[in-house]
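Since the structure comes first, as structure tokens, the remarks are kept for the end.
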Amino acid sequence: MKLAVTAPDRLTVRTVPVPDPGDLIARLPHPSALAWIRHGEGIVGWGEAARLTLPGGDDRFTAATRLLTDLFGAADVDDPVAVPGSGPVAFGAFGFDPKSPDSTLIIPRRILGRRDGTAWLTTIGDDTDPLTLANPPRPPENLRWSCGALPGHDWKQAVATAVDRIRQGHLGKVVLARDLTARSTTPIDARVLLRRLAARFPGCYTFSCAGMVGATPELLIRRTGGDIESLVLAGTTARGATPADDQARAGHLFTSAKDREEHRYAAEMVRDALAPLCAHLTVPDQPELLTLPNVIHLASPITGHLAADRSVLDVVAALHPTPAVCGTPTDIALDLIRELEGMDRGRYAGPVGWVDARGDGEWGIALRCAEINGTRARLFAGCGIVADSDPAAELAEAHTKFRPMQYALQG
């Protein structure tokens, strides 16, 4: 695939403050939804003023930054709101593997946002009324499920092979993913999935971009001016059936040598990637517990201040792929993923989010997600494998991680 850019010579951008729009997802007029929502705040978009389709390569983030800098720099922008996410914005989803050609950035014609009591509407070009509901959302019907690339027993064997390689000293950790396919008799509408996910997982980042829809708990990076934030998640257990069971599971996770090791790999890599970019960086000495409706994670919030003016995509380039979604050492883990998974992840576990003309933005890792294509949804779930991993337990964890998107599809 070659680089493809569909864009006018000059973008005309107008942002105006608007009254509180209420439910942002409910404002999306048709299924081609773009979204980044957490606790009801964020941005949604629709229409296409420009689209960038990037080929594979280690330089795909640099290429995206260069193209967006040119597009945004040449734009005629009137933005009195001037907050992160106002003015022109590109929503993006990048391929996990540098060899994957599946990376897309979309600058929508309409962007509706709300942040800290301020709401705004950005218009690019001269489309008609942007708030008309053209196509009411319809839930998927008559879903049929089928295995993806590897049946459960084959995937457990892949985990066992990975554990053997780790114990032989080839690498410290690898993340192996599975896929699952659902088919509907009606086209799958991203807005239905977004609404269900945002309601069930309000603390996650509910996203939609070019067919990738999900609710990720993992904030890869947020840039606001020179300030950056990241939330490292690695080490997971399912929620308990009772409060006592919940507490016991959380305690076991927090003291588990296997999970603490998995988490340490991820946190140290993020620290090492961010440190050269930052004037100062704060990394906690030990993780905390993050409790979601279906799972509990070990989490490390990391904050810092950039030493130079860099776009959020420059920081994404330094971070991806983290050990939380790939493994360590990165090159060996990536080769093992290619060998054992039996599939192309596409944009699963790749960076997903948005960037504005100031270089501000929020990017997560595309987890707890599905790739939607007409009546088909391809779901993904991954598990961190270390020397003490048990294949049956990892398979059970993958089933748990499928559930958010199964709920989004089935209700």
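In this chain, residues are counted from 1 in sequence order.
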Only counting residues at least two apart or in another chain, list the ones meeting side chain to side chain contact (heavy atoms under 4.5 Å, CB included) with Asp78. Arg14, Pro80

All heavy atoms of Met405 vs all of Gly214, minimum pair found to be SD-CA, 3.9 Å

Atom NZ in Lys401, atom CG in Leu180: separation rounded to 0.5 Å? 15.5 Å

Do the side chains of Asp344 and Arg338 get close enough for a salt bridge, i.e. N-O under 4.0 angstrom? no

Less than 4.5 Å apart, side chain to side chain, heavy atoms only: is that true for Pro31 and Asp189? yes

The reported gap from CG in Asp356 to OG in Ser86 (rounded to nearest 0.5 angstrom) is 7.0 Å

Tell me whether Arg249 is salt-bridged to Asp245, with the criterion being a basic N under 4.0 Å from an acidic carboxylate O. yes

Test side-chain contact (heavy atoms from CB on, under 4.5 Å) on Leu176 and Val159; report intermediate values, then the result. CA-CA 7 Å; Leu176 293 183; Val159 172; 4.2 Å; yes

For Glu48, salt bridge (Lys or Arg N to Asp or Glu O under 4.0 Å) partners two or more places apart: Arg51

Please tell me if the side chains of Val213 and Cys369 come closer than 4.5 Å, counting only heavy atoms from C-beta onward. no

Give a yes or no answer on whether the side chain of Arg114 reaches the backbone of Ile43 with a donor-acceptor pair at less than 3.5 Å. no

Measure from the side-chain N and O atoms of Arg60 to the backbone N and O of Gly57, and report whether any donor-acceptor pair falls under 3.5 Å. yes

Supply the atom-to-atom distance Ile107 CD1 to Leu52 CG, rounded to the nearest 0.5 angstrom. 6.0 Å

Between Asp59 (side chain) and Thr62 (backbone), is there a donor-acceptor pair under 3.5 Å? no

Is Glu41 reaching over with its side chain to a backbone N or O of Asp116, donor-acceptor style, under 3.5 angstrom? yes

Does the Lys NZ or Arg CZ of Arg368 fall within the cation-pi geometry relative to Phe201 - under 6.0 Å from the ring centre and within 45° of the axis? no

Would Trp145 and Gln410 count as having a side-chain donor-acceptor pair, cut-off 3.5 Å? yes

How are the rings of His320 and Phe61 set relative to one another: parallel (under 30°), tilted (30 to 60°) or perpendicular (over 60°)? perpendicular

By side chain to side chain donor-acceptor pair (under 3.5 Å), Thr375 pairs with (sequence neighbours left out) none

Checking Tyr205 against Arg222: is there a side-chain donor and acceptor pair closer than 3.5 Å? yes

Answer whether the closest heavy-atom distance between the side chains of Leu121 and Ile111 falls below 4.5 Å. no

Is there a donor-acceptor pair closer than 3.5 Å between any side-chain N or O of Arg347 and the backbone N or O of Ala210? yes

Could you walk me through whether Leu34 and Ile106 pass the side-chain contact (heavy atoms from CB on, under 4.5 Å) check? CA-CA 9 Å; Leu34 298 159; Ile106 298 172; 3.8 Å; yes

Using modelled atom types and a 3.5 Å cut-off, is there a donor and acceptor pairing between side-chain atoms of Lys258 and backbone atoms of Ser389? no

Working to the nearest 0.5 Å, report the span between OH of Tyr407 and CG of Leu409. 11.5 Å

Run the ring-ring contact (aromatic ring centres under 6.0 Å, His included) test against Phe380 and tell me which residues pass, sequence neighbours left out. Tyr348

Donor-acceptor contact present, side-chain Glu341 to main-chain Ala177, <3.5 Å: yes

Heavy-atom closest pair (Ala273 atom, Ala318 atom, distance to 0.1 Å) is CB-O, 3.5 Å

Atom CZ in Arg378, atom CE in Met212: separation rounded to 0.5 Å? 9.0 Å

Can you name the nearest heavy-atom pair linking Gly361 to Val312, along with the distance? O-CG2, 3.8 Å

Min side-chain heavy-atom separation Arg376-Ile188 under 4.5 Å: no

Would Val174 and Ile332 count as a side-chain contact (heavy atoms from CB on, under 4.5 Å) if you check the C-alpha gap in whole Å, the side-chain angles of each, and the deciding distance to 0.1 Å? CA-CA 9 Å; Val174 66; Ile332 296 173; over 6 Å; no

So, taking the atom named OG1 in Thr69 and the one named CG in Leu67, what distance separates them when rounded to the nearest 0.5 Å? 8.5 Å

Contact check, side chains of Leu231 and Glu218, non-hydrogen atoms, under 4.5 Å: no

Between Thr224 and Asp360, is any side-chain donor less than 3.5 angstrom from a side-chain acceptor? no

Tell me if the CG atom of Asp58 is crowded by more than 12 foreign heavy atoms within 6.0 Å. no

With a 4.5 Å limit on heavy-atom distance, are the side chains of Arg165 and Leu336 in contact? yes

When you look at CD of Glu339, are more than 12 heavy atoms from neighbouring residues, nucleotides or ligands closer to it than 6.0 Å? yes

Work out which heavy atom in Ser230 is nearest to a heavy atom in Ile221; give both atom names and the distance. CB-CD1, 4.3 Å

Can you find a side-chain donor-acceptor pair between Asp259 and Ser256 that sits under 3.5 Å? yes

Any side-chain heavy atom of Phe96 sitting closer than 4.5 Å to one from Ile337? yes

Under 3.5 Å, is there a donor-acceptor pair between the side chain of Thr328 and the main chain of Gly172? no

Between the main-chain N or O of Ala408 and the side-chain N or O of Arg196, is there a donor-acceptor pair closer than 3.5 Å? yes

Sub-3.5 Å donor-acceptor pair from the side chain of Thr400 to the main-chain atoms of Ala396, do we have one? yes

Would you mind listing every ring pair (Phe, Tyr, Trp, His ring centres under 6.0 Å) that reaches into residues 238-277, with sequence neighbours excluded? none

Please step through side-chain contact (heavy atoms from CB on, under 4.5 Å) for the pair Leu105 and Leu54, ending with a clear verdict. CA-CA 8 Å; Leu105 289 151; Leu54 299 160; 4.1 Å; yes

Do Arg239 and Asp246 sit within salt-bridge range, that is, some charged N less than 4.0 Å from a carboxylate O? yes

Could you check whether any side-chain heavy atom of Pro108 comes within less than 4.5 Å of a side-chain heavy atom of Trp46, counting everything from C-beta outward? no

Between Arg195 and Asp23, is there a side-chain N and carboxylate O pair less than 4.0 Å apart? yes

Which residues satisfy the side chain to side chain donor-acceptor pair (under 3.5 Å) test with Ser184, sequence neighbours excluded? Thr186

Would Arg178 and Glu394 count as a salt bridge (charged side-chain N to carboxylate O under 4.0 Å, His left out) if you check the C-alpha gap in whole Å, the side-chain angles of each, and the deciding distance to 0.1 Å? CA-CA 11 Å; Arg178 298 189 66 210; Glu394 300 299 339; over 6 Å; no

Ring centre gap for Phe94 and Trp363 strictly below 6.0 Å: yes

Using the rule given for salt bridge (charged side-chain N to carboxylate O under 4.0 Å, His left out), can you reason through Lys99 versus Asp97, listing the C-alpha separation, both sets of side-chain angles and the distance that settles it, and then say yes or no? CA-CA 5 Å; Lys99 293 183 178 180; Asp97 192 320; over 6 Å; no

Should Arg223 and Asp309 be marked as a salt bridge (charged side-chain N to carboxylate O under 4.0 Å, His left out) after you check the CA-CA gap, both sets of side-chain angles, and the distance that decides it? CA-CA 11 Å; Arg223 176 203 188 261; Asp309 184 19; 2.8 Å; yes

